[in-house]
Amino acid sequence: MTATKQALNAFVHETGGWVASQLEACTRCGMCAEACHFYQATGNPEYAPVWKVELLRRAYEQRFTIFGAIKTALGIDKRITDEDLQHWSDLNYYACTVCNKCSMVCPMGIDLGSLLHGMRAGLAAAGMVPADLMTAVNKQIEEGSPLGMTDSVWDQRLEWVADEWEVEIPRDVQGADTLVVFSSIEVMKFPTNIAAIAKILNAAGEKWTVSSKAREVVNFGFYQGSEENTKLFLSRVLEGAKELGVKRIVVTECGHAYDALRWHAANWLPEANDFEIIHITGVLGELVGSGRIRLKPGAFDGDGTITFHDACKIQRKGGHIQEPRDILKVLAPESFKEMTPNREQSVCCGGGGGVIAVKAADPVRYAAFELKIDQVNKVGAKTVVMTCSNCRLQFTDSVDHFKLDWKVIGLAQMVADALVE
Amino acid sequence: MAQRLVIDPITRIEGHLRIEAEVDSRNTITKAYSSGTMVRGIEIILKGRDPRDAWAFAQRACGVCTTVHSFASIRSVEDALNIKIPKAANLIRNLMIAQQYVHDHVMHFYHLHALDWVDVTGCLSADPAATADIQKAISPWPNASPGYFSDVKNKVKAIVDSGQLSIFANAYWGHPAYKLPPEINLLAVAHYLEALDAQRTFTKIHTIFGGKNPHPNFVVGGVPMPIDMNSDTAINAERLSIIKDSIDRMIQFVDQVYLPDLLAIAPYYLDYAGLGEGLGNFLTWGEFPDTDNSDTSKFLVPRSVIIGRDLANIQEPDPRDFEKMQEFVAHSWYEQSVGDEAGLHPWEGETKFNYTGPRPPYEQLEVEQKYSWLKAPRWAETPMEVGPLARVLAMYAKGHEQTVELTNMVLDALGAPLSAVFSTLGRTAARAIETKVFADFMLKTYNDLIDAIKAGDTDTFNGEKWEPTTWPAHAEGFGYMEAPRGALGHWCVIDNGKLTNYQMVVPTTWNGSPRDHKGQPGAYEASLVGTPLANPELPLEILRTIHSFDPCMACAIHMVDADGNDLSEVATGLTVCID
Amino acid sequence: MPEETIAEGLKKSGVSRRDFLKLSGLLAAAMGLTNVPPVSASGLPPRLGRGYSVNRVIAKALETRPRLPVIWLEFQDCAGCSEAITRSNSPTLVNLVLNTLTIEYHETLSAAAGFQVEQAKQDAMQRYAGQYILVVEGSIPVADDGVYCTVGGRTALDLLQEAAAGAAAIIATGNCASFGGLPKAKPNPTDAKGVWELITDKPVVNIPGCPAIPEATTGTIAHFAIFGTLPELDGLHRPMPFYGVTVHDRCLRRPFYEAGKFALSFDDEGAKKGYCLYKLGCKGPTTYNACASIRWDTGLSFPVQSGHPCLGCSQPDFWDGGGFYQGQSAPLDRPELAAIGAAAAAGAALGVGATLVNQAKKKAKGGE
Amino acid sequence: MNWTAILEFARGPFFYAALLIFVAGMIYRLVTVIGLGWSKDRVPAKGSKAGGVVMSFLKGILVWPFIPWVKNTFKRNPLIYIGGGLFHLGLFVVVFLGTAHMLVFKSLLGFGWGTLPLPIVDWLAAAGIVGMLILLINRIIHPVLRLISGPAEYLAWLFVFLPMITGYALTHHLGPRYEVMYSLHMISVNVLLIWIPLSRISHFIFYFFSRAIHGQEFGKRGVRV
């Protein structure tokens, strides 16, 4: 099967009434472009979200509508070619974080994020995925983690974290209430996060555990757009949870993983509904709000302005918008200031959707980050708080790249630091 | 051997009517056949239309009695939908109806009928001074000087001398049946011309309330024009003054010209008080409702049926009576789903063309078969005469004071008994009598309207049932109108907001109907039987009787013998029918 | 024998020179020669009248032309147009008939009748071949060999074609003769037609209206009598002086239309204040006629002035031009619920068919 | 063939046919789109889906169109907001609150409603036309719009613009005679009616789908729309 045919198959499969009705609703007004940080940063019209889903639309019209079929037969409508797929692969994987900001400005309310995901499904089926991303996917299939976090590496790192920060990390505890699944980014790059979360949960007296089977929450199949791989990675987590008999699964500071597990898994793997799935931000809000943990008020005041970066997958698409703010108002009532725009209207970091994993995408990624720099500078913040390790990766990398003097910090870490024992 | 006279065209009301008559060896008519030769299918066209629009279609049935079908139509729709119209609207409608009578009858008398009796060329030997004396004796009408009549005489003379008689050419001038002295001829010719000019001022009520004439506009539920004394585009004092002035002119003309002329001419033609009776059966649907269209007890002209001249036993006919009110098509070019012998009430009536006559051009109709586009309406399977005579008889029998007085006055003046009214002359006199009654009624109605406006009763439209959503799914209505020519009825059936049947039974279908399933002739057919013709080539007698019905037509009569050969080259006396 | 001129004819019938010039002025006014003010009829010595020069032209024309022969035929009519002519104000019928025209045949006007009037018509058609005006009133039914209208046993079409052959021009008065009128209204039971559909080798002037405005008919005839030509015609063969603008254009309620003030019902406040009748179904905007300028009955009123929406009676097929109380903008046919339902069902059926195909494609993974 | 006959045709059988084609076409479109299948969402919701749908419609219909400048994208491309806003406002007012059009609905539906005075409708119609011109200019000069616009977009623009401009000329008695303009207006309306189911102009139906999906998705996740 040619790549094009495989892509078409996937497009056809993706195009239910849900997708079709939204494609039909589009008036091609181009407003979505104005919301896209990649278009804003580069001015490249091809980065308009409506254009990024062009192949999905073309496939739909040519496959499923009489007018489209006629136009194709008459040669008015172009058939999709392998070159097209390659081109749109670049557009979608290099310059789209599937942040869904575009759907916020669409006058028709089209949920572009889901259409963009449909595009990735087709491109993935055609094998038109950037090599860097595929390497990571394959690594996750083979080794269980895209960042090379094999069983033994995981073992050593957790051991080390427990020792280093003197926290107890319960492992593979049968009958625990809560399974906490970290992402390899945290394990490998932000180990403090693991220590912080362990500290908090222990302080709250939570009966929790980590699982050696469900050790990786990152889901590169979801970035890739492959349903098959996504399901594979999700099932590893769910199986781990099942084995331990936990009631809920807490996803730590990883955005897309949360999106996949919380908002999609149940539609592919019904057993996902056996568990309550929640993001650590929600847990933090719950613990602070109910008083199960107490924080030192104003612990972070006096160290320059602090601002909060809303992640697309956790805030805009995850709904954990209020909790970080409630916590920050305790931790830094004086120095916490909001960026504009914020909350569900927030501007994406530019590194999500697997973009940061693609080397070739670096220039646009950094370009997009400049928007963020402007935002942060406007509010005059020196510390940027966030709840997504992928955002954090993009921030730390870009702070380096642009030689900024910002402090980038995860919310859990702040909470842990301010805990009143 | 009987001769067959073919008289074609005689129009229906305004269009095309044909009469074929058999004449015996003594030149007396033994049988007559009346045939309508033009059909438009208005009843067919009306099917499926909006009932509120129907009046406009129906109105175009006739441009002469131009309001009558509109009235019958809006009343039938209002009856079906149970719409009551405001008081002022009813008064305005009555004004319009009364104006129609006066205008129509004056024109009929002078321009359609008078020249049956008046010899235009006969006036050339008149003495203008003597004519002026006669004028002064019979009426205070101002145009009564010798000089005036001299002018008229000179004008006629100039036309005759020119050899170009124009519309007066080739008539029966000099026929022995013309019996008027020259002075009366001159008087009548002068008034012929005056009436032609005066009638133009008789239409103002229609023009003001309906926007134009012919074919003024109407509306179901009232009248279109509002009353507002403070508006420049509603009925206000200026419009009312024009109306009052027009009414005064009409009454003056009727009082000072029409009635005196009738009384001056009639004594010379008393033989026609015994000719042309016809059926002796009369029907009226009644006219001039007080406020409620359906309350016949308050009508000025009662709703009545008179059988065999019996004025003592007058019945009120029920137009909804399926057994009595029926139309027959046994001799009409239609077919019915229930067979052509059966009679159908108009609500069940059918209009389906079935032409079985000879292919044109033809010489004679097959009168034993179907021979007319007119149906044959019958009341209790009896043919009826409708028109002024029927109305005057109804009012007279009911004791309407003014009618009784006027009738007695005319009979006294002619020295004739009451039975004389059942005749050609009786019809013509009845027309004049009711014109006077209705002209005076118009003034009374005008005063009532002024009173109503003073009392604040200025509503002219009831819009409660205007929207089709307020209508019942099925409704049947009857609308009446005493047209100048006689009883007119429209029967409508409305289903789901659309007309599903519409049948018009018009005066001329009564009077001019062909034979029915029992072979009974219609009024025209019956009235001609027994009429002796002094000279079949110059059948003035036929015209006098036919025109006394006011069929509103000008006829060029083709006379053909039984073999289809031309009998003569006859110019009939009926001329200058401006109407 | 030389033809008698109109002037001579007038003289014989006792019309003075002054009256004659007066008549000329009226004719001019009737023909829409609007630069002739009514003062020309005021009785001033002609040279003092402002319309003097134009009057002279017309007077000259009347003096030098013989009287215009006219043959008038009636078919599927209601006599309303003939009736209207009797109400003509300028010129009046009496003037026309006695002074300007020689009406050779008219079923309701001719003194002569029967064989003689038929003979008179034949004579006139021969004597004035190529010169007479043929006026037609009423439509002509052509279905079933014309049995739906016969005169003297001959069909309307037969009579029309005979009379049209020698006519200099044909004037169709009223909507029936012009465009088929009421008889042609759906379902047109007798297949009625207007004259111009049947006579195509002669100039046919249409004077539509129901009835035609009398001054439009008399004015057009007078134009031909005076100038020997027909007035300029529009695309529907209507003379421009009377059909150049719409009723709406000259309507006294027009300013309220512009201001968006409408009567919503008969006898409501708007109706009393003289607001526009558009919402009540007025067809004025698409109706070309002189109702709003010449008006009726010596300028007394016209339908819209009298509170009733214009029916559009000078337009072709106005009987089927939507309900008389339906807005001008409303569609002519309202699809029945059944038709809408059928369309929806057809769409749904096609949609279901396409869906089956689409589902099959989805199952087959929809490859090329 | 004369203009009155053309007008009768355009207002009569042609309109009738166009209307039925429109109805059939839209139903077809709806059936085929819905017929592509809707999978059940088994994901437990965090917030209220129904509440999100309600909010999405309220905001989409009542809020954003009237205060577009609160959106940060307004500054980036005001033309599209202004043009689109003027056009839709003018269109809705003219189509639903213009007397002539209300009478069309009245004759079709059997009931009518109050309308705005002609001068107001007229100015908004003009604004709508200006809005359409702005949209066209924007489509031509904006790089994204130039990229995503094909013949279909320009045809759709034309087919919407023609009824508007002929309607405007009609009410103002501009150009040729009234019935000519009226005929052109009706023809263009009929063409539009037929074109709608064949084109993206049908978005006004699918708007309700996408808005509902949008509201449901955001409501499900407990995010303000």
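Labels below follow one simple rule: chain letters A, B, ... track the order of the sequence lines, proteins then strands, and each chain is numbered from 1. Everything numeric in this text was worked out from a predicted model, so none of it was measured.
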Closest heavy-atom pair, Phe461(B) versus Ser265(C), reported as atoms and distance to 0.1 Å, is CE2-OG, 3.4 Å
Chain C contact via Arg359(B) - which portion, at a heavy-atom distance below 4.5 Å = side chain
Supply the atom-to-atom distance Cys65(B) SG to Glu83(C) CD, rounded to the nearest 0.5 angstrom.
-> 9.0 Å
Is the closest side-chain heavy-atom distance between Asn217(B) and Ser306(C) below 4.5 Å?
-> no
Any idea which of Pro187(C), Gly181(C), Gly146(C) has the most non-hydrogen atom pairs under 4.5 angstrom with chain B?
-> Pro187(C)
Show your reasoning for whether salt bridge (charged side-chain N to carboxylate O under 4.0 Å, His left out) applies to Arg49(B) and Asp320(C).
-> CA-CA 10 Å; Arg49(B) 306 265 175 187; Asp320(C) 299 314; 2.8 Å; yes
Distance, nearest 0.5 Å, that separates OG of Ser301(C) from CE of Met225(B) | 6.0 Å
Chain C contact via Lys352(B) - which portion, at a heavy-atom distance below 4.5 Å = neither
Measure distances from Leu311(C) to the heavy atoms of chain B and classify the residue's part below 4.5 Å as side chain, backbone, both or neither.
-> side chain
Return yes if some donor-acceptor pair links the side-chain N/O of Asp267(C) with the main-chain N/O of Thr460(B) below 3.5 Å, else return no.
-> yes
Shortest non-hydrogen separation from Arg239(B) to Leu300(C) and the atoms involved | NH1-O, 3.0 Å
Per-residue contact mode, Ser139(C) against chain B (heavy atom under 4.5 angstrom) = neither
Kindly determine whether His215(B) and Cys78(C) satisfy side chain to side chain contact (heavy atoms under 4.5 Å, CB included), including the steps that lead there.
-> CA-CA 10 Å; His215(B) 300 325; Cys78(C) 73; 3.3 Å; yes
Within 6.0 angstrom of Glu336(C) CD, more than 12 heavy atoms from elsewhere | no
Between Asp145(C), Ile85(C), Ile213(C), which residue shows the highest count of heavy-atom pairs closer than 4.5 Å to chain B?
-> Asp145(C)
Minimal non-hydrogen separation, Ala271(C) against Pro226(B), with atom names | O-CG, 3.6 Å
Mutual orientation of the aromatic rings belonging to Phe324(C) and Phe57(B) [parallel < 30°, tilted 30-60°, perpendicular > 60°] | tilted
Among the listed options Gln59(B), Lys204(B), Lys47(B), the residue most often paired with chain C at heavy-atom distances under 4.5 Å = Lys204(B)
Side chain, backbone, both or neither: which part of Phe353(B) has a non-hydrogen atom closer than 4.5 Å to chain C?
-> side chain
Decide, yes or no, whether a salt bridge links Asp297(C) with Lys212(B) under the criterion of side-chain N to carboxylate O below 4.0 Å.
-> no
Heavy-atom distance under 4.5 Å to chain B: side chain of Lys273(C), backbone, both or neither?
-> backbone
Heavy-atom pair with the smallest gap, counting every atom of Ile45(B) and Pro183(C) | CD1-O, 3.7 Å
Whether His308(C) side chain and Val219(B) backbone form a donor-acceptor pair below 3.5 Å = no
Ala192(C) versus chain B, heavy atoms under 4.5 Å apart: side chain, backbone, both or neither?
-> neither
Checked Gly274(C), Ala156(C), Pro211(C) vs chain B; the most non-hydrogen pairs under 4.5 Å come from Pro211(C)
Below 4.5 Å from any heavy atom of chain C, which atoms of Asn213(B) appear? Answer side chain, backbone, both or neither.
-> both
Give the member of Thr155(C), Val147(C), Thr190(C) that has the highest number of heavy-atom pairs under 4.5 Å with chain B.
-> Val147(C)
Pair Tyr148(C) + Tyr355(B): ring centers closer than 6.0 Å | no
More than 12 heavy atoms of other groups within 6.0 Å of Glu467(B) CD | yes
Heavy-atom distances under 4.5 Å only: say whether Trp333(B) touches chain C with side chain, backbone, both or neither.
-> neither
Tell me, for Leu252(C) versus chain B, whether the close heavy atoms (under 4.5 Å) come from the side chain, the backbone, both or neither.
-> side chain
Which side chain to side chain donor-acceptor pair (under 3.5 Å) pairs, counting each pair once, include a residue from residues 222-232 of chain B, with sequence neighbours left out?
-> Ser231(B)-Thr233(B)
Measure the shortest side-chain to side-chain distance between Arg87(C) and Thr207(B) over non-hydrogen atoms and say whether it is less than 4.5 angstrom.
-> no
Considering all heavy atoms of both residues, which atom of Gly80(C) and which atom of Pro214(B) are nearest to each other, and what is their separation?
-> O-CG, 3.4 Å
Segment of Arg253(C) engaging chain B (4.5 angstrom heavy-atom cut-off) = side chain
Does any non-hydrogen side-chain atom of Pro360(B) lie less than 4.5 Å from one of Arg154(C)?
-> no
Whatever's closer than 4.5 Å to a heavy atom in chain C on Ile235(B) counts as neither
Side chain, backbone, both or neither of Pro141(C) within contact of chain B (heavy atoms, under 4.5 Å) | neither
Under 4.5 Å between any side-chain heavy atoms of Tyr325(C) and Asp50(B), yes or no?
-> no
Considering only heavy atoms and a distance below 4.5 Å, find which of Asn188(C), Asp158(C), Leu182(C) pairs most often with chain B.
-> Leu182(C)
Residue among Ile242(B), Thr66(B), Asp459(B) with most heavy-atom pairs under 4.5 Å to chain C | Asp459(B)
Heavy-atom proximity to chain B below 4.5 Å, by part of Cys210(C) | both
Gly41(B) versus Pro189(C), closest heavy-atom pair with distance | O-CG, 3.9 Å
Interface residue of largest heavy-atom contact number with chain C, from Ile42(B), Leu365(B), Ile227(B), Thr203(B), under 4.5 Å | Thr203(B)
